[in-house]
2 protein chains.
Amino acid sequence: MTDSRHGGQPSSPTPRVRLVDVAREAGLSKTTVSAALNGTGRLSPEVREKARETARRMGYRPNATARQLRAGRARLIGYVVGELVDAPWTFLESPYFARLTGATAATALARGYAVVLLPAGSLQREWAELPLDAVVVADPAADDPIVEELLAARIPVFSDRSVEGRPGAHWVDVDGAAAVRASLDHLWEQGARRPALVTPDSTTRFHSGVFAAYHAWCAEHGVSEWVVRAAAPGNGPVVRAVETALVGGPETGGERPDALFVVAEASPPLVLEAARRHGYEVPRDLLLVCVSEDVTALHTDPAVTTLSLRPHDVAQAGIELLVAVLEHGHLQPSGVLVPTELEVRASSVRHGQTEWTSRPPT
Amino acid sequence: MTDSRHGGQPSSPTPRVRLVDVAREAGLSKTTVSAALNGTGRLSPEVREKARETARRMGYRPNATARQLRAGRARLIGYVVGELVDAPWTFLESPYFARLTGATAATALARGYAVVLLPAGSLQREWAELPLDAVVVADPAADDPIVEELLAARIPVFSDRSVEGRPGAHWVDVDGAAAVRASLDHLWEQGARRPALVTPDSTTRFHSGVFAAYHAWCAEHGVSEWVVRAAAPGNGPVVRAVETALVGGPETGGERPDALFVVAEASPPLVLEAARRHGYEVPRDLLLVCVSEDVTALHTDPAVTTLSLRPHDVAQAGIELLVAVLEHGHLQPSGVLVPTELEVRASSVRHGQTEWTSRPPT
DNA sequence: TTGAAAGCGCTAACAT
DNA sequence: ATGTTAGCGCTTTCAA
């Protein structure tokens, strides 16, 4: 044998130090060094120290892949945002998904799992090469085959409630219906009688739930519906939808709305500005609630009331569920419902009342 | 032998189908099936088809970890944003880093590398377990030891120019000095004579470069400096810094600035609003340029001129460099300088001139 | 054209 | 208390 390294790439200048190298150098066996380094086995303190010292001196770094192979799992989880299949990488520009992504990565890492970013609408080419223990699919579009593909590949999936009941799939969701009711109830209490809804034209579970809840609420309160759908995501289309909502329409009997519930993601300052352009003074003529995680809502005048979907809580609940399933073998499909939080600020309080915060009942 | 599976986790209900299972089922050897599936070797079409068909029928999925071990690399790269070491996961809330991150993941994936999200200021505990072929460190803080740690672990690092010359480190950077000059020149051409600078209190290479370039430019033009540093990142502190800049100070001889160059990240609508609150009409009394990737800049009135740091180009250049180094063994430290782009809009054009876009010379 | 066997680097069961 | 050895699942010589 001329060279002990077979496969692999054009060898680096200095080949990497392996466990066996350390063992030979220290005059010990692989087992002993491995046990010394991992704190397992029963070794004399001297031997343990010698092994550790030799490893340190030689700059030994265990080969993660070999460990993973041995361990049978890679502690790697995929992360996909299903919305916007055609623009797969724009999700990070949404404050909600930015936070969800950050919180997911942080929580997962704290539990020993690393997160890899994957594109929506994947043709499985991307993740087939990766040793994924599970995949988080945030807000899958209704027609995205990715969940099916993953389940077919026997990879556990963590997603929203749309996967409920599928074997191998688990879910975390926000209580969208409760959130909508809490927001509309709040507007009602503040005197709003013609609340308009602006929503994206999305196939996401959350958004259809929002629409249904708005519909039901309006029926209950004997209020006529006034829904405007944004033609596309993004500030431009959403602001235009806001403007359409503000001028009113046949459904409102020619009357302008007295409150706006914006569920499509848009910059709060821009929404406020649109209201001003159309002659509204907020909150005097128009109460405003935006579903948003955008921190600029705090810095406008008046500050904008937001319904927070609590991405941090969603991420945390999701990863906790994932760890439970992966490590304690909860094989039954399971789910968690996370409460939202209405953060009431000046934009939705009629009489200059003091700010307060309420959590809707769960 | 009672059970052929030794290590590993509490076994799943159905153990995974391995190559050897397919081989046995098809009455072939591992070698043949492997070659059939990978399109390698010289096999008769019938045998190849039989192997493929059997694999498909059994739902065979190759074990990614085993392949990686064999291949000697995992095609996995780490991604760290060095800024904000104390709030390691907030970077995604910045439009610049959101885009940089998305573009990095997208480009890397297109080249066959997956990206894992890592926290800044890592004590190496997180990534030691991961088979990383390389790590991208975006905008490292000057005192972050992570670059040193990675290089000590012989993991190639791709970062900004601050790592220039270090063996194993490669860089991509934007031409910050040219960008500042282009912006200030533009303001000068539009008549500004007292341009104020708002910058974060950051140890990032980019921001110290910006300050130096501003300093030099002011000297060249015989203009007095007026720099305000935001106490912290985030819209609140930056807007306060903007307000401080707007009222002027001793350095300006009591005069208010006639232009504002905001390098700290803030929401353009909020900056504009702050100017209005202080009695400026933009662009009549104040020319405004923000370093920002925030798309809301397009939707204000007037639209805000931005200096784009072109995160997409930075990411692309970085990944291309990474692939070149990893796959073609460019061992010499190397670097790429990416041009910025001043996107001129109404907020910095004095006489209602038509909009145009310029690219500074590189 | 196909198959047997070695080996990637590591851990753990089983000797000694 | 320490060492020997098998084996994680795959790819790739090399021999038949």
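A quick note: this is a predicted structure, and the numbers were derived from the prediction, not measured. Just so it is clear, the values below take in all heavy atoms, side chains as well, and ignore hydrogens, waters and symmetry mates. Order of the sequence lines sets the chain letters (A, B, ...), proteins ahead of strands, with each chain counted from 1.
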Between CG of B:L19 and C1' of C:dC8 the distance, given in whole Å, is 16 Å
Check the phosphate of C:dG3 against B:T32, side-chain N and O only, distance under 4.0 Å to OP1 or OP2. Yes or no? yes
- prompt: Has B:R67 got a side-chain N or O lying under 4.0 Å from the OP1 or OP2 atom of D:dC10?
  reply: no
*Given C:dG3, is OP1 or OP2 found less than 4.0 Å from the side-chain N or O atoms of B:T31?*
no
Of the candidates D:dG9, C:dG3, C:dC10, the side chain of B:S29 sits closest to C:dG3
Residues B:T40 and B:N38: side-chain donor-acceptor under 3.5 angstrom
no
So A:F158 and A:H170, would you call those rings parallel, tilted or perpendicular, with 30° and 60° as cut-offs? parallel
Rounded to whole Å, CD of A:E129 lies from C1' of D:dT11 at a distance of 14 Å
* At under 4.0 Å, does any side-chain N or O of A:N38 touch on OP1 or OP2 of C:dT11? -> yes
Atom CG of B:L37 and atom P of D:dT12 are separated, to the nearest Å, by 13 Å
### Query
Are side-chain N/O atoms of B:Y79 and B:T101 paired as donor and acceptor at under 3.5 Å?
yes
Taken to the nearest whole Å, CD/A:Q68 to C1'/C:dC8 is 14 Å
Nearest-nucleotide check on DNA chain D, B:Y60 vs A:L43; residue mapping nearer the 5' end is A:L43
Checking C:dG9, D:dT11, D:dG3 against the side chain of A:L69 (C-beta onward), the nearest is C:dG9
Separation of D:dA1 atom C1' from A:L28 atom CG, nearest Å, is 11 Å
From CZ of B:R16 across to C1' of D:dG9 the rounded distance in Å is 10 Å
Winner on side-chain proximity to A:S44, out of D:dT13, D:dA1, C:dT2, is D:dA1
Of the listed D:dG9, C:dT2, C:dT11, the closest approach to the A:S34 side chain comes from C:dT11
A:E46 CD to D:dT2 P, in whole Å, measures 8 Å
Side-chain contact check for A:R70: nearest option of C:dT11, D:dG9, D:dA1 is C:dT11
Per nearest nucleotide of DNA chain C, the residue lying toward the 5' end, A:P62 or B:V47, is B:V47
OP1 or OP2 of D:dG9 less than 4.0 angstrom from a side-chain nitrogen or oxygen of B:R18, does that happen here? yes
Whether A:R75 and A:E327 form a salt bridge (side-chain N of Lys/Arg under 4.0 Å from carboxylate O of Asp/Glu) is what I want to check. yes
Whole-Å distance, B:R73 CZ to C:dG9 P, equals 14 Å
Thinking salt bridges, do B:E46 and B:K50 make one under a 4.0 Å N-O criterion? no
Exercise. Side chains of A:S29 and A:T32: do they bring a donor and an acceptor to under 3.5 Å?
Worked result: yes
Assert: residue with more 5' nearest nucleotide on DNA chain C, out of B:R48 and A:T65, is B:R48
